[in-house]
Every structure is written in structure tokens, then in C-alpha cells.
Peer 1: 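The structure follows.
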Protein chains: 2
Amino acid sequence: MLAAREQAIIDAVNRLLADKGFDAMTVDEVAGAVGIAKASLYKHFPSKEDLAAAAMAHLMQAAQTMLDGVDTALPPLDKLRAVVEWTMRLKLSGHMPTLPSQNSTLRAALVAHKGYMDGLMDVSERLGAWIEAAQADASLNPALPPIAVLYTVFARACDTVLEFLKMSDGFDDDTIIALVMGTCFDGLRSR
Amino acid sequence: MLAAREQAIIDAVNRLLADKGFDAMTVDEVAGAVGIAKASLYKHFPSKEDLAAAAMAHLMQAAQTMLDGVDTALPPLDKLRAVVEWTMRLKLSGHMPTLPSQNSTLRAALVAHKGYMDGLMDVSERLGAWIEAAQADASLNPALPPIAVLYTVFARACDTVLEFLKMSDGFDDDTIIALVMGTCFDGLRSR
DNA sequence: GTCTATAGGAGGATAGAC
DNA sequence: GTCTATCCTCCTATAGAC
């Protein structure tokens, strides 16, 4: 009941963060989307930053669930492909919250949020293991530092190419996914 | 004299936009950085959005100058590499202004700014010609729609991987450039 | 064109009743 | 825990003197 309400709040924050970003999102809008008063919102979450942190923690949970669902029999490179595709579909469908990387009070709220940090660590470690496995079987370029690969995967969540291609009509979501998956794993050059 | 002052304003805006982004940048900060009163600023530029548009127009001019300087004897793919490298070095050095892509009043100011739009068109067309030439000689993957390649090049200006790698110490700028140039053109997979 | 001073409004957060 | 009403700070923009 209380959990259900808080989940509704987090869902609204997720949508608004994906739509307009943290700065443009107002607490009034969140309250309006949930259908409660702003003061009630502040009984559940003490600040706007905490709202965003809760949404990001929820995103990490979703990521963990997705990782759990990846077929363990797949070659490691294909596991990574599945993750990148999931990330991009989330973004294309308007469910990927975006945060400004420069805002320091926001970063403070994020690192203070145990659920978010634990989720992020877990996701990073599991992806890191797949990356190293993919480099060990030489399907992934072994010359790349694993951390650079990890960040490149994470960056698909912020990729402006997706929205640009979505606006320049003529591409449906599947085509966009195929294109950006191609440039991500195979690069721009001919093979 | 007036031009010099306006150039100083634009330089300050450029730095602040690169540092904190449009929303976090305040007009007071811009005035303070230039060393004039806020009201004086508004005699030169009628709104905060116009400040940003002027900065972006200046960026387009810089891009055009850079394109002029690219050796015409280079193969088209290497011309594109030079552009991507220039973009990333600008970002790493803190001179790449970043604008929120969702802000509608800001977009209106941008499309209303003739200098910016003309510069953007010119840059896009010249890059487009290089992209098609690189696909014609098969150095660039001919299966990719040129517009997708163009956006992928533009996106290097917003790439979060650069700042992430810069923060996770152990990489200097040249190493970061080499890594991201590699993933951009050659992809994550082994060749 | 520069300044000081201020209008005007948006938005995060809170008081206090129920 | 929900509401209404309000506080207060910050920020864009302008008025008006010099």
C-alpha cells in the first residue's frame, strides 16, 4: 500500500526524468502525475535529489533482473550485446532516466543511496566478468581496457544518436537498434 | 571594441556551458566572468537563450575553420578521423558547450539564429560529402545510412565516455582519444 | 552602454490543520 | 499521510539614473 504508492511515485519520476531530465523536472509535476499533493510527496522522499536517486536505484534493480535473465549458455560477447540492446530499447521507449553528470548535490544523493550503489557495483562486476571472458576468447578486442568497454556500454544509455535518428523519420526502433548495435560493436569502418 | 566585448562574453558563455551546462549556468555568472553588470549583458544579448545560441554559432565557426584546415590530400576516412579527434579534444579541454536537447525555447533560439543554422548546414554538408566519399572507396561501411554516420560523429561532442575515463584516473588525454577513436571507428569487437 | 536596484515569477521545501 | 496555504531563495529580466 505504502510500497505501491512509492512505486507509483518512482514510475512517475522515471518517466519525467526520461522525458525532460532532472533540471527541467519539477516536484509539482511529479506530484501531479501521481495525483497527490506536493507536501505528501515530501513525506515519502525528503528532497528532489532523493526522488532521482530512488529512480536510479529502481533502474539498477531492473538491470539486475535483466542480467539474471540472460541465457548463461550464450558466448560472453552475445551476453554483452543483449545488455546493450536492452539499454537502448529502454531509452527508445522513453524509460531511461537521464541525470546531469555535473550536479554535485545530486551525485551526493546517489552515492548516499545504498540500494543504488550496491546495484551499480553488482551490475558493474557482472558486466566486467563478461567483458573479461569476451576478451579471453578474443571475440572482444583484448587491447581495450575493460573499464573503457564498461563505460562504452553504459554510455549507450545516454546516446544522443538514438534520439536524433528517432527524430529524423524514416527509421523505426528495430532499425535504429540494428544500426547503433552495428556501430557500437563493429565500428564505422568497413570490415 | 564592441565586437571584442561580445567575443569576451561568448568565450565566458562557452566555458560555463562546457563546465556546468545550460540550466546550471546563471546570467549572473556570465556577467561576473566578463566583469560587467548583468544589465549590461542584456544590452548585448536579449536573453539567456540568445547567449547560448551565440556560443553555438561561434562553435560552428570554429568547426568551419577546422574543416578548412583539413589536408585535402587525405583519404576521406582520415578527414573524418581528424574531425572526430578535433571534437573530442575540444571536449576534453573543457571548451565544448553542451545544451539540453529537450529545451524547446532553447531550440527556438537556435533555429532562429541565422549564423548558427548556416554554419550547421555548411558543416553537415561538408561532412556528408566526406562520408559518401569514404563509403564510395569502401573504407567506411557502405551499409550505414550517411545520416547515421553523421550523427555518430556529432555525438562524440556529447560522449560521456570521455569524462568517465578522465575521472577514473590513469588515462591521459592522448590515451583517451586513442581509445575512443578506436571504439568509434573499429568497434568493440576484435578485428 | 554602464551601473544600481528591483520587479516578477518559478520552484523547492515546510507549517499546520485534519 | 494527506491536504491547503505559504515561505523563501534563486534567477531571468527590466527600470531608470548617469
Side-chain angles (χ1 to χ4, degrees), chain A residues 1-17 19-56 97-100 102-110 112-113, chain B residues 1-17 19-56 97-100 102-110 112-113:
Chain A
M1 180 118 334
L2 177 137
R5 166 129 306 180
E6 300 204 337
Q7 190 53 51
I9 294 172
I10 290 175
D11 288 344
V13 172
N14 244 298
R15 259 195 317 279
L16 285 167
L17 284 180
D19 264 14
K20 346 180 38 170
F22 180 77
D23 291 309
M25 176 186 84
T26 71
V27 179
D28 293 84
E29 281 171 334
V30 177
V34 180
I36 61 177
K38 180 162 56 168
S40 306
L41 237 186
Y42 275 97
K43 300 284 182 182
H44 292 278
F45 299 92
S47 75
K48 184 184 178 183
E49 283 75 17
D50 286 286
L51 280 174
M56 293 305 288
T98 311
L99 298 184
Q102 314 99 329
N103 187 328
S104 60
T105 70
L106 184 53
R107 294 193 78 81
L110 284 174
H113 194 297
Chain B
M1 186 118 327
L2 177 138
R5 166 131 305 179
E6 300 204 335
Q7 189 54 53
I9 295 172
I10 289 174
D11 287 344
V13 172
N14 244 296
R15 260 194 316 279
L16 286 166
L17 284 181
D19 264 13
K20 347 179 41 170
F22 181 78
D23 291 308
M25 175 187 84
T26 71
V27 179
D28 293 83
E29 281 172 333
V30 178
V34 180
I36 62 177
K38 180 164 54 170
S40 306
L41 237 185
Y42 276 97
K43 299 285 183 182
H44 293 278
F45 299 92
S47 74
K48 184 184 178 182
E49 283 75 18
D50 286 286
L51 281 173
M56 294 305 287
T98 312
L99 298 184
Q102 314 98 330
N103 186 329
S104 60
T105 72
L106 185 53
R107 294 193 77 81
L110 284 175
H113 193 298

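Sequence lines set the chain letters: A, B, ... in the order given, protein chains first and strands last, and positions in each chain run from 1. Model, not experiment: these values are computed from the prediction.
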Peer 1: By the 4.0 Å heavy-atom rule, please label A:Ser40 as base, sugar-phosphate, or nothing.
Peer 2: base
Peer 1: Measure from CG on A:Asn103 to C1' on D:dC10 and round the result to the nearest Å.
Peer 2: 15 Å
Peer 1: Given 3.5 Å as the limit, does a donor-acceptor pair link the side chain of B:Lys48 with the main chain of B:Met25, or not?
Peer 2: yes
Peer 1: What's the separation between atom CG in B:Leu41 and atom CD1 in B:Ile9, rounded to the nearest 0.5 Å?
Peer 2: 4.5 Å
Peer 1: Between A:Glu6 and A:Ala3, is there a donor-acceptor pair closer than 3.5 Å when you use the side chain of the first and the backbone of the second?
Peer 2: no
Peer 1: Does B:Met1 reach a base, just sugar-phosphate, or nothing at all? Heavy atoms under 4.0 Å.
Peer 2: nothing
Peer 1: What is the distance from atom CG of A:Leu2 to atom NE2 of A:His44, rounded to the nearest 0.5 Å?
Peer 2: 5.5 Å
Peer 1: Round to a whole Å and report the spacing from CD of A:Glu29 to P of C:dG12.
Peer 2: 9 Å
Peer 1: Does some side-chain heavy atom of B:Val13 sit less than 4.5 Å from a side-chain heavy atom of B:Pro97?
Peer 2: no
Peer 1: How many whole angstroms separate atom CG of A:Asp28 from atom P of C:dG12?
Peer 2: 7 Å
Peer 1: I'd like to know if A:Lys38 reaches the base of C:dG12 with its side chain such that a donor and an acceptor end up less than 3.5 angstrom apart.
Peer 2: yes
Peer 1: Remember a base hit wins even if backbone is also touched, and classify A:Lys48 as base, sugar-phosphate or nothing at under 4.0 Å, heavy atoms.
Peer 2: sugar-phosphate
Peer 1: When the distance from OH of B:Tyr42 to P of C:dT6 is rounded to whole Å, what number comes out?
Peer 2: 18 Å
Peer 1: Between atom CZ of A:Phe45 and atom CD1 of A:Ile10, what is the distance when rounded to the nearest 0.5 Å?
Peer 2: 4.5 Å
Peer 1: For B:Ile36 and C:dG1, what is the distance between atoms CD1 and P respectively, to the nearest whole Å?
Peer 2: 12 Å
Peer 1: How long is the line joining CG of B:Leu51 and P of D:dT12, in whole Å?
Peer 2: 10 Å
Peer 1: Of the options C:dA13, C:dC3, D:dT2, whose atoms approach the side-chain atoms of B:Ala39 most closely?
Peer 2: C:dC3
Peer 1: Within the side chain of B:Lys38, is there an N or O that forms a donor-acceptor pair under 3.5 Å with the backbone of B:Gly32?
Peer 2: no
Peer 1: Rounded to whole angstrom units, what separation is found between the CG atom of A:Leu41 and the C1' atom of D:dG1?
Peer 2: 12 Å
Peer 1: Between B:Phe45 (CZ) and D:dT12 (C1'), how many Å, whole number?
Peer 2: 16 Å
Peer 1: Which nucleotide wins on minimum distance to the side chain of B:Thr26, given the candidates D:dA15, C:dT14, D:dC11?
Peer 2: D:dC11
Peer 1: Please list, by residue number, the residues of residues 7-15 of chain A whose heavy atoms come closer than 4.0 Å to an atom of DNA chain C; answer none if no residue qualifies.
Peer 2: none
